[in-house]
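Predicted, not measured: the structure shown is a model, and the values here were computed from it. Numbering of ligands and ligand atoms starts at 1, following listing order.
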Amino acid sequence: MQIEQIILSLQPNRKSYMRVFNNFNAIKETLTSINEEEATIGFVPTMGALHEGHLSLIKTAYAENDYVIVSIFINPTQFNNREDFDAYPRTVDQDLKLLEQFDNNVLTFIPLVEDIYPNGIVSQHFDYGGIENQMEGKFRPGHFDGVGTVLTSFFTLLKPNNAYFGEKDFQQLQIVKKLVQIQKFDVNIIGCPILREASGLAMSSRNKRLSDSQLQESRLIFKVLKYVKEHFGTKNDNELLQEVQNAFKNNSELTLEYFEIADESTLRPLQKIENNKKYRAFIAAFAGEVRLIDNIALN
Ligand code: PAF
């Protein structure tokens with residue numbers, strides 16, 4: 001049986017094709033020949049519903065590696081709630097269409113559940129040194145165990161040299177750096193800047209689920225973050241928290257889940273500003289059922 005599926009996309013001025021692998025067995029041989037070439041692999045893990053943010057990660061990975069592997073896998077163990085998992089956008093056909101703009105050095109890997117979870121769909125537990133207990137960890141119990149478990153499988157199977165993550169999920173980025181230390185994976189973790197819509201809303205697969213009015217109102221998140229950045233160090237953090245809470249109370253579509261100013265490396269809430277430390281403001285908010293997160297560097 002032909003397992004590797006080659007999609008030919010004939011474009012007016014250039015001929016390109018991308019390679020899509022629908023299970024680990026199918027990509028194995030290609031991985032072996034990449035290793036024999038001693039070529040480098042940049043890995044961009046995704047859960048699909050691709051947008052410009054993902055494309056920019058792929059472009060960065062493409063510029064820095066010989067091959068790029070983009071995975072599409074909606075990881076069940078990182079959802080702490082079944083409805084959120086069920087409602088997560090599934091748009092593989094559109095995703096593959098978007099990926100056609102890249103040439104055949106960009107490989108798409110859509111693993112089977114058994115490739116990632118050969119022993120059943122369960123999370124491994126990780127001690128990330130405490131960063132897992134802040135913010136997302138508090139509100140989404142088990143989330144980072146699920147992220148650690150799926151990435152452990154991917155890093156083990158694909159052995160990438162570099163892996164690329166957006167800073168929108170800043171806590172996830174720190175968790176992944178820690179995971180690599182714990183599991184002694186030989187991979188560089190590279191954080192990439194947040195891409196935003198013209199409105200300022202951080203690009204996210206979940207934005208596809210927003211109504212027009214929710215989309216319109218969601219611009220508040222970045223507006224508030226910019227305000228906090230402007231006043232960081234002049235207004236005290238309690239005052240800022242109060243103002244942020246009021247801004248959300250007055251919004252018809254959004255409900256604030258948390259607002260936090262935290263030390264960038266420990267992710268612990270700010271106690272007292274110290275000169276040699278870096279801080280970020282983080283927000284999680286709901287627009288109806290859709291959970292949105294964002295953050296901004298403050299200094
Ligand atoms: O950021 C995501 O989309 C996911 O958490 C990831 C890294 C693909 C793991 O499932």
Exercise. Applying side-chain hydrogen bond (donor to acceptor under 3.5 Å, both in side chains), run through Arg19 and Asn104 and close with a yes or a no.
Key: CA-CA 6 Å; Arg19 294 186 274 173; Asn104 62 342; 5.7 Å; no
Practice prompt. Under the salt bridge (Lys or Arg N to Asp or Glu O under 4.0 Å) rule, what do Arg140 and Glu257 come out as? Steps first, then yes or no, please.
Written response: CA-CA 11 Å; Arg140 303 185 69 189; Glu257 186 171 53; over 6 Å; no
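If you number the atoms of ligand 1 from 1 as listed, the ones under 4.0 Å from a heavy atom of Val150 come out as 9 (C), 10 (O). Close approach of ligand 1 to Thr46 (heavy-atom distance below 4.0 Å) involves ligand atoms 8 (C). Within the listing of ligand 1, atoms 8 (C) sit less than 4.0 angstrom from a heavy atom of Pro45.
Ion pairing of Lys235 with Glu243 is present here, as a side-chain N (NZ or NE/NH1/NH2) and a carboxylate O approach within less than 4.0 Å. In summary, Asp84 and Arg206 engage in a salt bridge, as defined by a charged side-chain N under 4.0 Å from a carboxylate O.
Few gaps surround CD on Glu37; more than 12 heavy atoms of other groups in view lie less than 6.0 Å from it.
The minimum heavy-atom distance between Thr149 and Phe126, with the atom names listed, is N-CE1, 3.5 Å.
Closest protein heavy atom to atom 3 (O) of ligand 1: Met47 CG, 3.7 Å. For atom 5 (O) of ligand 1, the nearest protein heavy atom (residue, atom name, distance) is Gln172 OE1, 2.7 Å.
Comparing heavy-atom distances from atom 6 (C) of ligand 1 across Lys168, His54, Gln78 singles out Gln78 as nearest.
The shortest N/O to N/O separation between Asn75 and ligand 1 does not fall below 3.5 Å.
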